[in-house]
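As the structure lists them, so they are numbered: ligands from 1, and atoms in each ligand from 1.
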Amino acid sequence: MNRKVTKAIFPVAGLGTRFLPATKSIPKEIMTLVDRPLIQYAIDEARAAGIKEFIFVTSRGKGALEDYFDHAHELENTLRKAGKDDLLELVRQTNMESGAIAYIRQHKAMGLGHAVWCARRLIHNEPFAVVLTDDVVMGEPPCLQQMIEAHAETGGSMVATMEVPMEKTKSYGVLDVAEDMGAIVRARGMVEKPKENPPSNLAVIGRYILAPTVMENLNKLKQGAGGEIQLTDAIADEIHEGRDVYGLRFRGQRYDCGSKAGFLQATVAFGLARDDLKDEFAEYLHDVMAMRKAAE
Ligand code: UTP
């Protein structure tokens, strides 16, 4: 039986330059899809997967993110007195148990691998999850839960993967596949943003379950693609040292909310998935498209 995964690292220390000027004062993770901040989607997914300890790697200017998880006693009292039980319940669902969240600071944005390494003292000899809040995955069961179930069978390290067109591979970490078992593949290599000759079209998205030895690999603080300390390189080192790394073709749709187009697509998808909005919103979208067509 492989060890249970109960800790997740959420690296949220990036600069979010693609969303300037908004990210001048708002952390990207607080931006909302319909009415919930991106971070809430990530937390809900992790909770559903059985995560008990939530480790945020933050940076300057991310105060609003830390405040978001404080209990809002005044607001809760007001809602209770006003008899707004449904809203009260909604707010309560966002409350986190005292001591369940830890914040670690990354003093300089030196890359995703470096951000994960900043949490090394909170990870002991146990597998841990890494969740990138930019990647929002619509899926049932949620993506991380699918991974944790698969990882309980395989052990080693596991990344979430999806097929992308070959010409898009240069934007992702890409797997070199040793063995394809259907939903799960075993990797013989992993390359970050290959400029040419991608080893496959299986791209890695922002969900990982990592063996503790990945932290040891990060200790080398080796600079990789773009001069950053890459998590991909530390995972690839696992393979070079003879340990297993798997990719899971998760079931679901991933939205790249770190990009403007991806964020807009996610807004449409999550809006249409909401019972209280879908009819009005679908009608609006239909009318917009019809007007565009007529104007062409
Ligand atoms: P991105 O590559 O999307 O970078 O990081 P970014 O800074 O957030 O956004 P842009 O490209 O400037 O618009 C992927 C994830 O890794 C985290 C980010 O917060 C994001 O969740 N990250 C990245 C860190 O925590 N630290 C880093 O040094 C780099």
Check whether the side chains of Asp70 and Tyr68 place a donor and an acceptor atom closer than 3.5 Å, and report yes or no.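 On atom types as modelled, these side chains do not qualify, holding no pair under 3.5 Å.
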Proximal atoms of ligand 1 relative to [X] (non-hydrogen, under 4.0 Å):
X: Gln106; value: 24 (C), 25 (O), 26 (N), 27 (C), 28 (O)
X: Met110; value: 28 (O)
X: Leu112; value: 16 (O), 29 (C)
X: Ala115; value: 24 (C), 25 (O), 26 (N)

Cluster question for you: counting only ILVMFWY and a side-chain heavy-atom cut-off of under 4.5 Å, with indirect links fine, are [X] and [Y] together?
X: Val57; Y: Leu231; answer: yes
X: Tyr208; Y: Met215; answer: yes
X: Tyr172; Y: Ile235; answer: no
X: Phe263; Y: Met138; answer: yes
X: Val130; Y: Ile55; answer: yes

Give me the nearest non-hydrogen protein atom to [atom] as residue plus atom name, then the distance to 0.1 Å.
atom: atom 17 (C) of ligand 1; result: Pro11 O, 3.6 Å
atom: atom 24 (C) of ligand 1; result: Gly14 N, 3.4 Å
atom: atom 14 (C) of ligand 1; result: Asp134 OD2, 4.0 Å
atom: atom 12 (O) of ligand 1; result: Thr17 OG1, 2.6 Å

Show, in sequence, the C-alpha distance, side-chain angles and deciding distance for Tyr41 and Phe270, and conclude whether the ring pair (Phe, Tyr, Trp, His ring centres under 6.0 Å) test is met. CA-CA 11 Å; Tyr41 289 90; Phe270 281 83; 5.1 Å; yes
Would you check, one step at a time, whether the test side-chain contact (heavy atoms from CB on, under 4.5 Å) holds for Val131 with Glu45? CA-CA 9 Å; Val131 177; Glu45 185 180 329; 5.6 Å; no
Report the part of [X] (side chain from C-beta onward, or backbone N, CA, C, O) that has a heavy atom under 4.0 Å from ligand 1; answer both or neither where that applies.
X: Val12; value: backbone
X: Ala109; value: both
X: Lys108; value: neither

Lys260 side chain vs Arg18 backbone, donor-acceptor pair below 3.5 Å: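 It does hold such a pair.
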Donor-acceptor under 3.5 Å (Glu126 side chain, Val5 main chain): no
Classify the angle between the aromatic ring planes of His71 and His73 as parallel (below 30°), tilted (30 to 60°) or perpendicular (above 60°). tilted
Lys28 touching ligand 1 at heavy-atom level, < 4.0 angstrom: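 In this structure, Lys28 qualifies as a contact of ligand 1 - some heavy atom is under 4.0 Å.
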Can you tell me if His114 contacts ligand 1 (heavy atom of the residue under 4.0 Å from the ligand)?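 Under 4.0 Å: no for His114.
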Quick test of your reading of the structure: of Gln230, Glu29, Arg18, whose heavy atom lies closest to atom 13 (O) of ligand 1?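 Closest candidate by heavy-atom distance is Arg18.
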Shortest reach to atom 25 (O) of ligand 1 by a heavy atom, considering only Gly113, Ser259, Ala13: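 Among Gly113, Ser259, Ala13, the closest heavy atom to atom 25 (O) of ligand 1 comes from Ala13.
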Under 3.5 Å, N or O to N or O, is [X] touching ligand 1 that way?
X: Leu132; result: no
X: Gly111; result: yes
X: Leu15; result: yes
X: Thr133; result: no

Would Thr213 and Glu238 count as a side chain to side chain donor-acceptor pair (under 3.5 Å) here? Give the steps. CA-CA 8 Å; Thr213 38; Glu238 288 291 279; 2.7 Å; yes
